[in-house]
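Just below is one structure, and these are the notes that go with it.
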Amino acid sequence: MATALGSSTRPGLLDALDPEQRAAAGAPRGPVCVLAGAGTGKTRTITHRIAHLIASGHVAAGQVLAVTFTARAAGEMRTRLRSLGVEGAQALTFHAAARRQLRYFWPRVVGDRPWDLVDNKFRLVGQAANRAGAGTEIETVRDLASEIEWAKASLVAPDDYPAVAARTQRDTPVPVAKVAEVYRRYEEVKNSAQVLDFDDLLLHTTAALEEHGAVAQEFRERYRCFVVDEYQDVTPLQQRLLDAWLGGRDDLTVVGDANQTIYSFGGASPRSLLEFTRRFPEATVVRLERDYRSTPQVVDLANRVIGAARGRPAGSRLKLIGQRPAGPEPRFAEYDDETAEAGAAAARIRQLLDGGVAASEIAILYRVNAQSEAYEQALTELGIPYLVRGGERFFARAEVRQAMSALRVASADEGAVGGRDLVTSVRRVLARVGLTEQPPAGGAAKERWDALLALVELAEELATVVEGADLARYVADLDQRAAAQHPPTVEGVTLASLHAAKGLEWDAVFLVGLAEGTMPILHADGDDSAIEEERRLLYVGVTRAREHLSLSWALARNPGGRRHRRRSRFLYGLIPEDHPAARVARAQAERSGSKARCRICGGVLTETMEIKLSRCSRCPSTVDEDLLERLKAWRGDRSRELKVPAYVVFTDATLVAIAEQRPTDDHALVSISGIGASKLERFGAEVLAVVRGR
């Protein structure tokens with residue numbers, strides 16, 4: 001047995017790691033839990049752990065299965081393993097791994113031809129909705145598809161859906177019983193057509209392992225060591241598949257960060273990560289908190305964002321420690337409208353580009369995809385290239401398909417370009433399909449040129465890590481990337497949603513649209529867990545930045561529009577009091593003759609939340625926690641009785657205001673922002689009874 005520091009492994013393998021990374025990578029075989037904060041080198045750690053276990057003789061490379069959540073992350077893991085001399089270990093997404101296994105075992109467990117995979121279930125859900133008499137509008141069908149995905153990921157069958165939806169207070173697009181009927185019909189339509197959706201890959205693979213002993217035995221003889229990245233995002237279905245893979249064994253390494261749980265809408269939960277040591281009491285647990293990605297200024301802001309979270313479990317209380325030299329302070333800015341906000345972001349990006357920052361190292365991140373339009377226009381006006389993440393897939397582009405076809409032909413006849421190094425060979429082949437020495441001026445021609453240049457850069461990367469790599473090896477590598485949808489980096493500013501930015505990083509990040517109603521999103525209001533997930537989403541956005549970080553919001557959507565918006569509640573306490581953005585809000589309130597004053601210090605109230613609480617953010621809260629809990633319990637009962645989301649009764653902010661001010665009569669109650677005549681008539685007596693302890 002090797003020691004924890006891997007003394008029996010290849011000399012120097014773990015020397016480049018810091019003490020905590022080395023403790024995780026060099027831990028003996030068995031259960032290991034790595035609690036890894038953003039930017040702390042988790043991929044580096046787990047790939048070194050795989051290499052250490054192989055070099056120490058604990059496991060053969062072909063017996064390792066590492067799974068993560070995106071094709072890009074899996075591709076990066078394979079590249080890292082290859083640079084460590086590890087060939088043969090599997091690094092795939094959950095779905096890609098299950099698809100391979102199901103295809104292999106299908107003849108044995110089903111017998112007929114393998115069913116095709118449906119890339120998009122929209123059409124089938126639409127058919128099911130029509131048969132069930134539900135709405136077939138585009139948005140309704142899309143929401144029904146998402147609800148079905150949540151149910152399957154959560155291991156909820158159609159017959160069980162109504163009870164589970166009621167217990168978890170699901171906000172459904174149509175009545176719960178109708179969702180269950182659409183779900184049931186969808187499964188019938190899908191099975192009749194003999195096709196599978198992505199969740200079926202996991203479900204059927206799990207069933208094959210659980211119900212067929214010979215299948216399970218063959219699989220478990222092949223794979224003995226498992227690594228799971230982003231473990232905070234596993235769904236109950238993925239956890240069940242993992243349990244089927246393990247089959248009671250414990251050679252499992254998991255890595256995750258509960259502070260970055262942002263996919264609960266899809267069934268993800270950090271529970272498996274947080275309860276890992278309960279399941280494996282003998283597990284090695286290592287905390288990675290040294291942040292190598294971001295400057296101390298960015299790290300400090302990130303810690304303050306997540307430090308304000310409520311109800312954080314012990315396993316999520318990682319505090320990042322910046323390791324990089326000091327950098328610029330994060331920028332905050334308030335604008336009159338979204339057009340002005342987008343224009344300012346584009347102008348600042350032009351400054352960064354002129355200062356030497358590459359376009360591919362800059363990102364604009366927003367909460368919802370619809371926000372991208374203003375930024376696309378602003379960047380276009382300044383001639384700045386950009387890419388919308390989630391747009392056309394790289395390997396589906398016509399010029400890339402043409403290039404790969406030419407490369408395959410050349411690799412089949414290596415003599416045609418033989419005698420040259422790989423990069424020269426690739427350049428020569430791509431010159432035939434449009435790669436010139438100098439880039440075109442711009443537009444679509446420049447985009448095509450950038451895509452071809454990205455293929456050259458992949459050849460350079462392969463030549464660096466694989467000595468003697470030839471065209472055949474390069475083409476095989478491209479095919480693997482295409483199958484896994486792991487594209488290369490193409491030059492251009494990235495436009496992406498905060499969810500799509502997970503797992504990525506840039507030198508400069510612009511977090512835009514940080515106004516109430518967008519961040520947090522409007523439908524999260526009134527749900528504590530949803531609000532905290534929105535806070536974690538902002539934390540993920542902040543931690544994407546290495547050096548330059550800008551946070552902004554607009555008071556109106558369009559130029560000349562009513563400036564009724566306010567900055568996100570998550571920014572309270574982050575913006576210095578003497579910052580122009582803070583002073584602008586205060587001056588606007590004073591000019592408008594605002595009479596809203598803090599009931600404690602008498603200062604002018606400028607923020608929506610301050611006005612609602614009748615207290616400025618600097619003054620201490622006087623909330624009665626017991627009363628707040630009673631109010632939430634009452635609200636929950638009323639929302640279930642009325643069959644409406646909790647926030648429709650009262651938002652969290654209104655309940656906090658009531659618990660702070662403890663009104664004793666109708667006059668005091670209606671003076672609280674958010675409680676008008678209709679709310680007073682409908683709920684006033686009940687609320688006052690709760691306040692009085694009845």
Side-chain angles (χ1 to χ4, degrees), residues 1-36 40-94 96-97 100-101 219-231 234 238 241-242 245-246 249-257 273 276 280 283-286 288 292 461 465-466 477 480 484 486 503:
M1 177 69 71
T3 67
L5 294 183
S7 59
S8 66
T9 190
R10 195 177 76 205
L13 179 61
L14 307 183
D15 289 352
L17 305 182
D18 70 29
E20 294 78 21
Q21 292 172 342
R22 196 178 311 125
R29 66 150 302 281
V32 174
C33 178
V34 184
L35 300 173
T40 57
K42 65 182 180 66
T43 305
R44 178 184 181 86
T45 301
I46 56 177
T47 51
H48 276 77
R49 173 158 180 75
I50 293 171
H52 161 75
L53 291 172
I54 294 170
S56 300
H58 291 308
V59 66
Q63 296 174 319
V64 176
L65 176 58
V67 288
T68 187
F69 284 79
T70 67
R72 186 183 189 91
E76 181 184 354
M77 199 179 296
R78 288 192 297 270
T79 300
R80 298 272 191 103
L81 288 171
R82 192 164 53 202
S83 70
L84 292 172
V86 175
E87 298 279 356
Q90 295 291 314
L92 302 163
T93 64
F94 267 101
R100 286 190 183 188
Q101 294 158 27
F219 175 85
R220 291 166 189 161
E221 287 176 354
R222 167 70 192 278
Y223 293 105
R224 299 175 181 272
C225 176
F226 300 88
V227 176
V228 184
D229 189 17
E230 304 286 4
Y231 195 50
V234 294
Q238 289 164 337
L241 174 59
L242 178 60
W245 285 343
L246 285 167
R249 297 171 293 174
D250 67 353
D251 206 342
L252 171 66
T253 298
V254 301
V255 58
D257 178 8
L273 174 67
F276 190 81
F280 300 105
T284 299
V285 179
V286 180
L288 303 184
Y292 298 97
E461 178 184 310
V465 298
V466 178
D477 193 63
Q480 187 178 46
H486 178 211

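Just so you know, these numbers come straight off a predicted model, no measurement behind them. In what follows, residues are counted from 1 in the order of the sequence shown.
Looking only at side-chain heavy atoms (C-beta outward), Phe280 and Val254 stay at 4.5 Å or farther from each other. A 4.5 Å side-chain heavy-atom check between Phe276 and Leu252 finds at least one atom pair inside the cut-off. Here the side chains of Thr43 and Arg80 are in contact, with some heavy-atom distance below 4.5 Å. Taking 4.5 Å as the limit, some side-chain heavy atom of Val59 sits within range of a side-chain heavy atom of Ile54.
The structure places CG of Asp18 at 3.5 Å from OH of Tyr292, a figure rounded to the nearest 0.5 Å. In this structure, CG in Leu92 is found 8.5 Å from CD in Gln101, a value given to the nearest 0.5 Å. Summarising the geometry, atom CD belonging to Gln90 is positioned 10.5 Å from atom CG belonging to Leu81; distances are rounded to the nearest 0.5 Å. For the atom pair Asp229 CG and Thr253 OG1, the distance stands at 11.5 Å (nearest 0.5 Å). Rounding to the nearest 0.5 Å places CZ of Arg44 at 8.5 Å from CG of Leu84. The distance from the CG atom of Leu288 to the CG atom of Asp257 is 10.0 Å, given to the nearest 0.5 Å.
Contact record, Val255 with Ala36: CG2-CB, 3.8 Å, taken as the closest heavy-atom pair. Contact record, Ala66 with Met77: CB-SD, 3.6 Å, taken as the closest heavy-atom pair. Summarising the geometry of Gly26 relative to Leu14, their closest heavy-atom pair is CA-CD1, 3.8 Å, with the distance given to 0.1 Å. Between Glu221 and Gln63, the shortest heavy-atom contact is O-NE2, 4.2 Å. The minimum heavy-atom distance between Ala27 and Thr284, with the atom names listed, is CB-CG2, 4.1 Å. Closest approach of Gln238 and Val234 over heavy atoms only: OE1-CA, 3.4 Å.
With hydrogens and angles ignored, the 3.5 Å screen pairs a side-chain donor or acceptor of Arg78 with a backbone N or O of Ala91. In this structure a side-chain-to-backbone donor-acceptor pair under 3.5 Å is present from Gln21 to Thr40. In this structure, the side chain of Arg249 engages the main chain of Leu246 through a donor-acceptor pair within 3.5 Å. Remark: the backbone N or O of His48 is not paired with any side-chain donor or acceptor of His52 at under 3.5 angstrom. A donor-acceptor distance shorter than 3.5 angstrom exists from the side chain of Arg222 to the backbone of Gly62, with no hydrogens or angles considered. Judged purely by atom type and a 3.5 angstrom limit, Ser56 has no side-chain atom pairing as donor or acceptor with the backbone of Leu53.
Listed by first and then second residue, the ring-ring contact (aromatic ring centres under 6.0 Å, His included) pairs involving residues 71-94 are Phe69-Phe94, Phe94-Trp245 (not counting sequence neighbours).
Contact check on Asp15 versus Arg22 returns no salt bridge, with no Lys/Arg side-chain nitrogen under 4.0 Å from an Asp/Glu carboxylate oxygen. Comment: Glu76 does not engage Arg72 in a salt bridge, judged by the lack of any side-chain N to carboxylate O separation of less than 4.0 angstrom.
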